[in-house]
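Contents: one structure, followed by commentary.
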Amino acid sequence: MSRPSILHLLNQAEPNTIVTARGWVRTRRGNKAVSFIALNDGSTIHNLQVVVDYAKINEEDIKAIGTGACLKVTGLLVESPAAGQRVELQATEIEIYGLADETFPMQKKGHTLEFLREQAHLRFRTNTFGAVFRVRHALAFAIHKYYNDNGYIYLHTPIITGSDAEGAGAMFRVTTFEPNAAPVTDGVVDFSQDFFGRSTHLTVSGQLEGELGAMALGKVYTFGPTFRAEQSNTSRHLAEFWMIEPEVAFNDLEDNMNLAEDFLKYLVNYALEHCKDDLEFLNKQYDTTLIERLQFVLANDFQRLTYTEAIEILKATKHKFEFAVDWSTDLQSEHERYLVEQHFGRPVILTDYPKDIKAFYMRLNDDGKTVRAMDVLFPGIGEIIGGSQREERYDQLVARMDAMGVPTDELWWYLDTRKFGTAPHAGFGLGFERLVLFVTGMTNIRDVIPFPRFPQNASF
RNA sequence: GCUUCAGUAGCUCAGUUGGUUAGAGCACCUGACUGUUAAUCAGGGGGUCCUAGGUUCAAGCCCUAGCUGGAGCGCCA
């Protein structure tokens, strides 16, 4: 049975027809003769105005309806005589699915995002979170559409991983042992008796497995949950987040940058085209420069430069930094922000970092000092993408692993791709929530994922 | 983990130099209004001033510790 959404009723349905709408009450107001109910079903940021004439419906029957109640309303859809909406629904029958009393936490006015975070189970019912999660959905869909339309294969890499040396941060252990009853051999927990017969963890990246796929399927991407057990307590980090990782055979760093820029612009454009109402709401409510900023990103090339060139710019500026600028150390947030927000005033792609501050799998440049790494830096977000051309040469890769203490025996399967038909290839990781942050203009990453996981918190 | 700011009604906040019975708006209840747009207007009920300890004749306000939350930093996506 087809059930018209409020989005459909507001924008497309023919006036002067009998329709039924279902949704949750945002407000009810009125006088002795008539009540106006703003009804929302999540299909759009806009509400359907239901008009209740007490000549047709007994006032006593709807007296208990307040913000938060869920209703089924049948009536005549008419052109609205008042400003504010194209059509409205003149109710002839109201069925109450569920009332909400005055303890319902989502009120008509003034909630802080911090309060709503503590009410994550109900915050979907606010305009803000409705908008944010519709945009999040649209972006997730657009990611699959982009790669599908460009001939990529969606590869499902494992969430539980046997390797604990992926080089991307602290990991959560996966075990079926009870904390105080793990079998111990020679004073050490014996994971050979555990579920998988070995030590296992939640993945911190699908990249290494993605490379295996790319070395046969050509163009692949992953899009899935990722876990980091870092004590990161910031508005840009989560312990559980979603990451998109394309990996492409025969791509070099230049191709990788082109892909990253084209991909990000496609996603921003998709949101502007498909989430207009929600973005306009966020633009009005939180950040009046949001839409302008999104359009600016579409209209301008990302600034590309090497790490070494960036260091020179930072050393030459009169701008005072808290931390010293020094070749061979990673840039501080304040340095990245200066480059993106002040010096260039646009997204920046930094490349060719010193090898010692980057991961083992990045391809060594001919200078022997830098690697083919790239970071895409966005205003207000910082690093939104991290990627590289991968080291495809077996001997160089093993040498880097040895130098950095990465166990070659454990990653034998990874090294096999370099032994058998190796090829140049490149890829990157895009933090999905950081993308959603940028597109929605939200400022805390905990507000763009339905149920955020972060240190000391796994509520809901 | 480090630095810093905050915690007062269900929610958003005010509360002066430490001084009588802690205030407002929204929400809720009652009433007014025949078309409202987070409606408006009048009235009413509603408080563990985060917790514990301390200073003082007197603490929402000052001090100490803890708890919770925000922002910034590091790690990164």
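Every heavy atom of this structure was used, including side-chain atoms; hydrogens, water molecules and symmetry mates were not. Per chain, numbering begins at 1; letters A, B, ... match sequence-line order.
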How long is the line joining CZ of A:F454 and C1' of B:G1, in whole Å? 16 Å

What's A:T234 touching, base or sugar-phosphate or nothing? Going by heavy atoms closer than 4.0 Å. base

Say you pick atom C1' in B:G74 and the same atom in B:U64; how far apart are they, in whole Å? 29 Å

Let me know the distance between CG of A:L122 and C1' of B:C11, rounded to the nearest Å. 14 Å

Please determine if A:R446 forms a cation-pi arrangement with A:F454, meaning its NZ or CZ atom is less than 6.0 Å from the six-membered ring centre and no more than 45° off the ring axis. yes

Atom pair distance, as rounded to whole Å: NZ in A:K63 and P in B:G31: 6 Å

With C1' as the reference atom in both, quote the distance from B:A24 to B:G47 in angstrom, rounded to an integer. 14 Å

Say you pick atom C1' in B:U16 and the same atom in B:A52; how far apart are they, in whole Å? 29 Å

So, under a plain 3.5 Å distance rule, would you say the side chain of A:H237 forms a donor-acceptor pair with the base of B:C76? yes

One should read off an interatomic distance between A:H111 NE2 and A:R123 CZ, to the nearest 0.5 angstrom, of 13.5 Å

Most 5' of A:F323 and A:N457 on RNA chain B, judged by nearest nucleotide: A:N457

Do A:Q107 side-chain and B:U12 base share a donor-acceptor contact under 3.5 Å? no

Using a distance-only criterion (donor-acceptor N/O pair, under 3.5 Å, no hydrogens), is the base of B:A77 paired with the side chain of A:R228? yes

Donor/acceptor link under 3.5 angstrom from A:E88 side chain onto base of B:G35: yes

Which value, in whole Å, describes the distance between the P atoms of nucleotides B:C61 and B:C2? 27 Å

What is the nucleic acid contact for A:R337, judged by heavy atoms within less than 4.0 Å: base, sugar-phosphate only, or nothing? sugar-phosphate

Atom CD of A:E230 and atom C1' of B:C2 are separated, to the nearest Å, by 15 Å

Would you check if A:F36 stacks with the base of B:G35, given a 5.5 Å centroid limit and a 30° plane limit, both strict? no

Please list, in numerical order, the residues of residues 153-160 of chain A that have a heavy atom closer than 4.0 Å to any atom of RNA chain B. none

Let me check something: any side-chain donor-acceptor pairs from residues 57-78 of chain A under 3.5 Å, sequence neighbours excluded? List them with distances.
| from | atom 1 | to | atom 2 | distance (Å) |
| --- | --- | --- | --- | --- |
| A:N58 | OD1 | A:E60 | N | 3.0 |
| A:T67 | OG1 | A:R26 | O | 3.0 |
| A:T74 | OG1 | A:T20 | OG1 | 3.0 |

Salt bridge check, A:D252 against A:R363: does any charged N sit closer than 4.0 Å to a carboxylate O? no

Report yes if a donor N or O on one partner sits less than 3.5 Å from an acceptor N or O on the other, where the partners are the side chain of A:S232 and the base of B:C76; otherwise report no. no

Distance-only donor-acceptor test, A:R434 side-chain atoms vs B:C76 base atoms, 3.5 Å: yes

Checking only heavy atoms, does the side chain of A:E118 share a donor-acceptor pair with the base of B:G69 at less than 3.5 Å? no

Counting only heavy atoms not in A:K369, do more than 12 sit closer than 6.0 Å to its NZ atom? no

